[in-house]
Amino acid sequence: QQALVNRYERNPIARKKCIENTDVYVKFGNGFGKVYGDLGKGFIHVHHIVPISTRKGEPHKIDPENSLVPDVPNCHAMLHKGKLCIEELRKILGK
């Protein structure tokens with residue numbers, strides 16, 4: 001059997017721009033380093049506001065400020081599990 005799949009490459013420059021000077025990174029990203037030492041230093045997830053899976057292979061340009069949002073791993077998992085947008089998750093968290 002042969003399977004044809006799309007593979008999407010992450011853009012490390014867009015990721016870096018997304019996390020620069022954001023409250024989420026400052027509050028939580030640096031915290032992983034405090035807990036896990038060098039292993040956790042600078043660790044943070046980045047969430048695509050419009051899921052990659054909805055793009056259906058169409059070319060698109062990532063705008064780090066409007067297409068991506070940094071979030072901690074637990075929140076990132078809940079966004080995907082509940083198929084939520086950031087605002088919905090913030091409401092659940094009372095933020």
Side-chain angles (χ1 to χ4, degrees):
Q1 290 183 343
Q2 183 179 19
L4 179 63
V5 297
N6 292 325
R7 186 176 91 181
Y8 300 96
E9 297 291 327
R10 304 297 194 252
N11 182 332
I13 296 167
R15 182 187 193 286
K16 184 178 179 186
K17 287 181 181 179
C18 170
I19 63 174
E20 286 176 349
N21 301 319
T22 64
D23 288 343
V24 172
Y25 181 72
V26 171
K27 285 181 185 174
F28 299 105
N30 293 327
F32 287 106
K34 290 176 187 170
V35 175
Y36 298 103
D38 285 343
L39 177 66
K41 188 176 180 183
F43 182 78
I44 194 79
H45 282 200
V46 173
H47 179 70
H48 288 83
I49 294 171
V50 176
I52 292 174
S53 62
T54 64
R55 303 232 185 239
K56 298 182 180 84
E58 299 165 3
H60 65 282
K61 184 176 169 108
I62 294 291
D63 174 1
E65 292 179 19
N66 298 305
S67 302
L68 304 171
V69 62
D71 57 357
V72 295
N74 287 352
C75 289
H76 195 193
M78 294 302 105
L79 287 167
H80 284 280
K81 182 177 190 270
K83 296 181 170 86
L84 304 171
C85 69
I86 296 294
E87 290 77 22
E88 291 169 322
L89 185 60
R90 285 182 178 151
K91 237 186 212 180
I92 290 169
L93 296 173
K95 310 244 175 189

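We're numbering straight along the sequence, starting at 1.
Note on ring orientation: taking the six-membered ring where Trp is involved, the planes of His45 and Phe43 are perpendicular (angle over 60°, cut-offs 30° and 60°).
Around the CD atom of Glu88, the shell of radius 6.0 Å holds more than 12 heavy atoms that belong to other residues, nucleotides or ligands.
In this structure, Ile44 and Asp71 have side chains that are not in contact, with every pair of non-hydrogen atoms separated by 4.5 Å or more. Residues Val69 and Val46 have side chains not in contact (no heavy-atom distance under 4.5 Å, counting atoms from C-beta outward). Within the 4.5 Å cutoff, side-chain heavy atoms of Cys75 are placed close to those of Leu93. Considering only heavy atoms from C-beta on, Cys85 stays 4.5 Å or farther from Ile49 through its side chain.
One distance of note links CG of Leu84 with CG of Leu89; it measures 6.0 Å at 0.5 Å rounding. Considering NZ of Lys83 and CE of Met78, their distance stands at 13.0 Å, rounded to 0.5 Å.
Evaluated for a side chain to side chain contact (heavy atoms under 4.5 Å, CB included) with Leu68, the options Lys17, His47, His48 yield exactly one hit, His48.
Partners of Asp63 according to the side chain to side chain donor-acceptor pair (under 3.5 Å) rule, which considers only residues two or more places apart in sequence or in another chain, are Asn66.
Residues Pro70 and Cys18 approach most closely at CD-SG, 3.4 Å, considering heavy atoms. Of all heavy-atom pairs spanning Pro73 and Phe32, the tightest one is CD-CZ, 3.5 Å.
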Audit row: Ile62, Asn11, side chain to side chain contact (heavy atoms under 4.5 Å, CB included) steps and yes/no:
CA-CA 8 Å; Ile62 294 291; Asn11 182 332; 5.7 Å; no
